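Residue numbering restarts at 1 for every chain, and letters A, B, ... go by the order of the sequence lines. If you're wondering where the values come from, they're calculated on a predicted model, not measured in any experiment.
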There are 2 protein chains.
Amino acid sequence: MPSYFRVLSLLEEENAEVVSSQELGKRLQMTPAQIRKDLSYFGKFGKQGKGYNVSKLLGELRQILGLDREWSVALIGVGRLGRALLDYGELTPRGFKIAAAFDIDPQQIGKKVGGVVIQDVAELANTVKNRGIDIGIVTAPPSQAQQVIDCLVECGIKAILSYAPLTARVPKDVRLREIDPVLALQAMTYHLKCLGSS
Amino acid sequence: MPSYFRVLSLLEEENAEVVSSQELGKRLQMTPAQIRKDLSYFGKFGKQGKGYNVSKLLGELRQILGLDREWSVALIGVGRLGRALLDYGELTPRGFKIAAAFDIDPQQIGKKVGGVVIQDVAELANTVKNRGIDIGIVTAPPSQAQQVIDCLVECGIKAILSYAPLTARVPKDVRLREIDPVLALQAMTYHLKCLGSS
DNA sequence: GTGTGTGAATGTTTTCACAGCG
DNA sequence: CGCTGTGAAAACATTCACACAC
């Protein structure tokens with residue numbers, strides 16, 4: 001559903017007034033029926049014979065997805081990957097502000113990366129409360145990832161994005177998403193392998 | 001399914017001989033029945049009363065997923081994100097070698113990052129053929145991503161991992177996976193928003 | 001007893017097809 | 001007419017429950 005939002009943002013930049021489920025389908029590589037079903041789940045946003053008003057639908061989705069506010073994010077683990085995310089320009093303009101960064105390495109603590117001063121992980125609990133952190137991003141090494149995630153959960157964080165290449169255990173009221181590029185690559189090799197037998 | 005492989009690798013490091021679907025279920029946050037179904041789709045790998053032999057199952061999965069060989073990857077777009085991936089230590093040990101890197105910026109071309117010399121995108125087609133590239137990773141800016149992807153498709157690449165925040169169009173015989181951290185975050189805010197009404 | 005492999009039952013998602021509105 | 005919204009149908013996925021192997 002967020003990808004609907006993304007493509008509509010693009011359409012707005014292209015000054016499109018209106019869009020049909022067919023056009024959306026083409027852009028998102030899905031069937032028009034799928035898109036109509038998905039959207040109708042939340043309400044009736046379209047006009048028969050016309051399609052969907054881009055900016056109106058964008059507004060509706062913004063509210064539905066909870067993107068009508070800015071979310072505060074804490075990043076734990078300022079290695080190469082963490083740094084890349086701190087420098088990544090797409091987060092802030094799309095509604096996610098990295099409000100704090102943490103590491104365990106004393107050498108790193110106090111340094112400033114991407115406009116944020118790196119704090120000691122010991123201060124995590126405090127900062128989460130004081131700064132009203134909503135979401136945690138875990139870029140700590142695998143050996144410490146589960147520990148960090150447990151800590152975030154204890155702090156009351158309900159949404160975690162993990163870059164650690166392992167399946168972490170969390171209570172079921174906590175949303176956990178994992179990003180592991182290797183997993184994505186491996187999902188494709190299965191199909192590559194069967195290429196001769198077509 | 002690749003996550004099965006990942007957790008089994010971990011179990012092997014822990015010197016586990018044998019594992020039950022229940023234990024796997026706990027580690028992967030799924031039901032034992034699910035795991036048995038998935039595995040039985042490819043064959044009968046378990047022993048009743050015992051469970052699955054870790055190293056044997058690992059071997060089977062390696063073959064099934066096509067991980068019994070090394071895959072050559074080309075990375076296009078050596079910005080911050082591309083660099084982070086070139087330096088990312090998990091790719092090579094898990095079977096993916098970045099065999100070539102490309103950029104459009106003349107300032108970058110010829111420089112060496114993470115053991116790979118950056119080449120001009122113009123040489124992409126040639127290199128893909130000569131070096132037997134199997135997979136493309138796109139870390140180019142959004143404005144150029146579709147163009148780069150089209151080029152990879154023309155070169156005969158059948159698997160692409162894109163970090164560009166847009167849904168690219170590819171022929172249906174080409175596997176495309178997208179990684180967009182913002183999309184992952186937005187998928188969670190929907191649930192965060194409804195937190196008061198539980 | 002313990003834990004797999006599997007048909008049968010259940011639940012969920014995707015597709016179809018069409019009434020009805022602009 | 002064109003395109004949405006939506007029940008009904010089809011496809012797909014998950015869970016159950018139990019026979020059977022160790």
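Put simply, CZ on B:Phe45 is 19 Å from C1' on D:dC22, counting in whole angstrom units. At whole-Å resolution of the value, OH in A:Tyr41 and P in C:dT14 are 13 Å apart. Atom NZ in A:Lys50 sits roughly 19 Å away from atom C1' in C:dG20 (whole-Å rounding). B:Asp38 has its CG atom 16 Å from the P atom of D:dC12, to the nearest Å. Rounded to whole Å, atom P of C:dG22 lies 16 Å from atom CG of A:Asn53. When the P atom of D:dT4 is taken as reference, atom CD of A:Gln34 falls 14 Å away, rounded to whole Å. In this structure, the CD atom of B:Gln22 is 15 Å from the C1' atom of D:dC16, given to the nearest Å. When the C1' atom of C:dT4 is taken as reference, atom CG of B:Leu39 falls 10 Å away, rounded to whole Å.
Residue A:Tyr52 places no side-chain N or O under 4.0 Å from the OP1 or OP2 atom of D:dG2. One finds a side-chain N or O of A:Lys44 lying less than 4.0 angstrom from the OP1 or OP2 phosphate oxygen of D:dT6. The shortest distance between the side-chain N/O atoms of B:Ser21 and the OP1/OP2 oxygens of C:dG3 is not below 4.0 Å.
Remark on DNA chain C: of its neighbouring residues A:Lys37 and B:Lys47, the 5'-side contact belongs to B:Lys47, judged by nearest-heavy-atom nucleotide.
At a threshold of 4.5 Å between non-hydrogen side-chain atoms, the residues B:Ser21 and B:Tyr52 count as touching. Looking at heavy atoms from C-beta onward, B:Phe5 lies out of side-chain contact with B:Ile64 at the 4.5 angstrom threshold.
The side chain of A:Gln48 sits closest to C:dC21 out of D:dC16, C:dC21, D:dC22. In this structure, of D:dG5, D:dC22, D:dT15, it is D:dT15 that holds the atom nearest to the side chain of B:Thr31. Minimum atom distance to the side chain of B:Ser40 is reached by C:dT6, of the listed C:dT6, D:dT4, D:dT6. For A:Ser20, the side-chain atoms get nearest to D:dT4 when compared with the rest of C:dT4, C:dG5, D:dT4. The listed nucleotides are D:dT4, D:dA21, D:dA8; the one nearest the side chain of A:Arg36 is D:dT4.
In summary, the side chains of A:Thr167 and B:Arg6 do present a donor paired with an acceptor at a separation below 3.5 Å, with no hydrogens or angles considered.
Of the charged side-chain nitrogens involved, none lies within less than 4.0 Å of a carboxylate oxygen, so that B:Lys111 and B:Asp103 do not count as a salt-bridged pair.
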Could you walk me through whether A:Lys158 and A:Arg175 satisfy the side chain to side chain contact (heavy atoms under 4.5 Å, CB included) test, starting with their C-alpha distance in whole Å, then the side-chain angles of each, then the deciding distance to 0.1 Å, before giving a yes or no? CA-CA 6 Å; A:Lys158 296 295 179 199; A:Arg175 278 305 122 171; over 6 Å; no
